[in-house]
Q: 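The structure that follows is given in the form of structure tokens.
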2 protein chains.
Amino acid sequence: MESQRKIFVEKVGVRTEKMGYSPLAGRIIGALLLAEPPYMTFDSLCEYLNASKSSISTNLQFLMHDGSGMVEYFTLPGDRKRYFKISIDNWVKHIKEIPKEFQQSKDLLEEILSYRKSNMLDNEFSTNIEELLSFYEFMLEKLPTLIEEWEERRKKNN
Amino acid sequence: MESQRKIFVEKVGVRTEKMGYSPLAGRIIGALLLAEPPYMTFDSLCEYLNASKSSISTNLQFLMHDGSGMVEYFTLPGDRKRYFKISIDNWVKHIKEIPKEFQQSKDLLEEILSYRKSNMLDNEFSTNIEELLSFYEFMLEKLPTLIEEWEERRKKNN
DNA sequence: TTATTAGTTCTGTTAATAACGAACTAATCG
DNA sequence: CGATTAGTTCGTTATTAACAGAACTAATAA
């Protein structure tokens with residue numbers, strides 16, 4: 001059913017917006033996830049999403065280069081259209097980078113903590129920050145191993 | 001050094017904005033993380049951040065209730081000021097809810113996958129989606145245990 | 001070599017968010 | 001009871017982000 005599909009596209013859009021993307025970027029992801037065959041041309045995206053060429057262009061650029069690389073395209077010989085599709089590989093790569101976010105929070109908290117320790121009387125609050133820090137550290141220690149573990153499983157099952 | 005502190009406040013602000021908060025909300029977190037003693041009154045926040053009462057009020061409400069609960073306040077007998085401070089406990093609680101985000105992505109992908117399977121010819125792309133899904137599933141299986149493991153360590157070290 | 005296609009880039013408009021200020025409320029103090 | 005304090009709410013303004021439209025570019029095709 002065609003309307004069911006559009007509902008999915010919007011749902012995916014809303015989810016994707018929570019990753020910090022624009023509404024249209026979200027809908028592009030949605031459209032590509034639900035496309036049959038699983039790719040779309042520039043024009044079909046414009047038409048299907050009722051969006052201007054400029055917006056589609058900008059957002060595709062973002063999704064391919066600046067953002068996560070979740071979208072990529074392939075070409076066919078003797079055809080200058082680009083066929084845009086989801087790159088599941090890059091999607092996975094992107095999720096796997098969550099620890100980097102943790103790392104940045106951790107680094108900043110560490111800086112703050114050392115500032116507090118050398119400039120302030122208070123001790124109890126610093127202890128609390130240390131606890132939070134220990135959580136980040138723990139996660140940063142464990143997550144990479146966990147991800148590797150999944151990679152192993154993945155290889156086996158192929 | 002007082003200027004060093006303000007730089008930290010802004011840095012924290014930028015980081016916090018990436019969690020989807022407003023710039024001012026970010027700066028409030030920053031100010032409270034660097035405050036000595038580690039709490040501030042409503043007025044001192046206004047003054048220190050050069051922000052209006054209304055903005056401080058709105059953002060404190062958000063940080064206390066709608067958002068993560070990363071800020072809370074305490075009172076003192078015979079003093080009607082509120083003393084706002086970071087709640088490290090709620091901060092940790094908030095981070096621990098990352099799996100919920102994973103869950104929602106996973107659920108949506110599952111819906112899409114079952115839609116694709118029953119309505120579309122294509123098979124290869126669905127297989128790719130399944131791989132992505134398996135990553136979410138794996139993480140959702142492992143993360144809670146990991147978090148528990150940290151809780152155990154935490155109790156021991158106290 | 002001109003016309004068409006496929007997309008990009010630039011500029012303007014609209015819509016959404018963030019922040020402000022002034023008026024308000026509820027509590028306390030003199 | 002005013003007067004003051006501590007914060008909230010509401011209507012407005014300013015900033016930012018999203019999108020559109022038209023002009024542009026690079027490549028192919030006739």
Side-chain angles (χ1 to χ4, degrees), chain A residues 9-10 12-32 35 39-68 70-85, chain B residues 9-10 12-32 35 39-68 70-85:
Chain A
V9 170
E10 293 305 313
V12 173
V14 172
R15 268 270 88 223
T16 310
E17 272 188 74
K18 289 181 185 158
M19 301 169 62
Y21 298 168
S22 77
L24 185 56
R27 280 190 283 257
I28 290 174
I29 300 289
L32 294 179
Y39 47 80
M40 290 176 84
T41 64
F42 189 92
D43 281 336
S44 63
L45 278 169
C46 288
E47 202 191 320
Y48 186 66
L49 299 175
N50 292 306
S52 67
K53 290 207 292 171
S54 59
S55 304
I56 294 290
S57 178
T58 309
N59 280 284
L60 281 175
Q61 291 304 329
F62 176 78
L63 289 169
M64 291 190 298
H65 309 301
D66 315 298
S68 51
M70 277 166 66
V71 172
E72 61 186 0
Y73 69 86
F74 62 91
T75 51
L76 295 173
D79 178 357
R80 53 188 154 135
K81 279 192 191 71
R82 290 172 191 174
Y83 295 86
F84 298 93
K85 62 184 280 267
Chain B
V9 171
E10 293 305 314
V12 173
V14 172
R15 271 269 87 223
T16 310
E17 274 188 72
K18 288 181 185 157
M19 301 170 62
Y21 297 168
S22 77
L24 185 56
R27 281 188 283 256
I28 290 174
I29 301 287
L32 294 179
Y39 48 81
M40 289 176 84
T41 65
F42 190 93
D43 281 336
S44 62
L45 279 168
C46 289
E47 201 191 318
Y48 186 67
L49 298 175
N50 291 305
S52 68
K53 289 207 294 170
S54 58
S55 304
I56 294 292
S57 177
T58 308
N59 280 284
L60 281 176
Q61 291 304 329
F62 175 78
L63 288 169
M64 292 190 299
H65 308 301
D66 315 297
S68 52
M70 276 166 66
V71 172
E72 61 186 1
Y73 69 85
F74 61 91
T75 51
L76 295 174
D79 178 358
R80 53 186 155 138
K81 279 193 193 71
R82 290 171 191 175
Y83 295 85
F84 298 93
K85 61 182 283 265

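Lettering follows sequence order; numbering is per chain, from 1. Below, all heavy atoms of this structure are taken into account, side chains as well, without hydrogens, waters or symmetry copies. In this text the structure is predicted, and so the values were computed from the model without any measurement.
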Q: Count the heavy atoms of every other residue, nucleotide or ligand shown that sit under 6.0 Å from OH of A:Tyr73, and state whether that count exceeds 12.
A: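 Atom OH in A:Tyr73 is not crowded, with 12 or fewer foreign heavy atoms closer than 6.0 Å.
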
Q: Looking only at non-hydrogen atoms, find the nearest pair between A:Gly26 and A:Val12 and report the distance.
A: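 For A:Gly26 and A:Val12, the tightest heavy-atom pair comes out as O-CG1, 4.2 Å.
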
Q: Compare every heavy atom of A:Arg27 with every heavy atom of A:Val9, then report the nearest pair and how far apart it is.
A: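 Result for this residue pair: CG1-O, 3.6 Å.
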
Q: Grab the two heavy atoms, one from A:Lys53 and one from A:Cys46, that are nearest each other, plus how far apart they are.
A: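 Distance-wise, the nearest heavy atoms are CA-SG, 3.8 Å.
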
Q: Measure from CG on B:Leu60 to C1' on D:dT8 and round the result to the nearest Å.
A: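 In whole Å, D:dT8 C1' and B:Leu60 CG are 12 Å from each other.
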
Q: What's the separation between atom CE in B:Met40 and atom CG in B:Leu49, rounded to the nearest 0.5 Å?
A: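 Taking CE in B:Met40 and CG in B:Leu49, the distance rounds to 6.5 Å.
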
Q: Tell me the closest heavy-atom pair linking A:Phe84 and A:Leu32, and the distance in Å.
A: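 Heavy-atom minimum between the residues: O-CD2, 3.4 Å.
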
Q: How many Å lie between CD on A:Gln61 and P on C:dT9, as a whole number?
A: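 Taking atom P of C:dT9 as the reference, CD of A:Gln61 is at 6 Å.
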
Q: Can you see if the side chain of A:Arg82 gets near the phosphate of C:dT8 - specifically, an N or O under 4.0 Å from OP1 or OP2?
A: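 For C:dT8, OP1/OP2 do have a side-chain N/O of A:Arg82 under 4.0 Å.
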
Q: Taking the axis from the first five pairs and the axis from the last five, what angle separates them in the helix from C:dT1-D:dA30 to C:dG30-D:dC1, rounded to 10 degrees?
A: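 Helix axis angle between the two ends: 10°.
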
Q: Can you tell which of A:Met64, A:Lys85, A:His65 makes a side-chain contact (heavy atoms from CB on, under 4.5 Å) with A:Val71?
A: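 Only match with A:Val71 under side-chain contact (heavy atoms from CB on, under 4.5 Å): A:Met64.
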
Q: Which pair of heavy atoms, one from B:Leu63 and one from B:Ile29, lies closest together, and at what distance?
A: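 So the minimum-distance heavy-atom pair works out to CD2-CD1, 4.0 Å.
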
Q: Could you tell me the separation between the CE atom of A:Met64 and the C1' atom of C:dG7, rounded to a whole number of Å?
A: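 My rounded result for the distance is 10 Å.
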
Q: So if I define the base as every atom that isn't primed, P, OP1 or OP2, how would nucleotides 10-30 of chain D read as a B/S/- string at a heavy-atom cutoff under 4.0 Å?
A: --------SSBB-----BB--

Q: Between D:dG7 atom P and B:His65 atom NE2, what is the distance in whole Å?
A: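 The answer, rounded to whole Å, is 12 Å.
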
Q: So that I know where these two stand, are A:Phe62 and A:Tyr21 an aromatic pair - ring centroids less than 6.0 Å apart?
A: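 So the answer is yes for these two rings.
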
Q: Parallel, tilted or perpendicular: which one describes the rings of A:Phe74 and A:Tyr83, with boundaries at 30° and 60°?
A: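 The arrangement is parallel - the two ring planes meet at less than 30°.
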
Q: Can you sort out which residues in residues 40-49 of chain B have a heavy atom within less than 4.0 Å of DNA chain C? Ascending by number, please.
A: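 Those residues whose heavy atoms fall under 4.0 Å from DNA chain C, taken from residues 40-49 of chain B, amount to none.
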
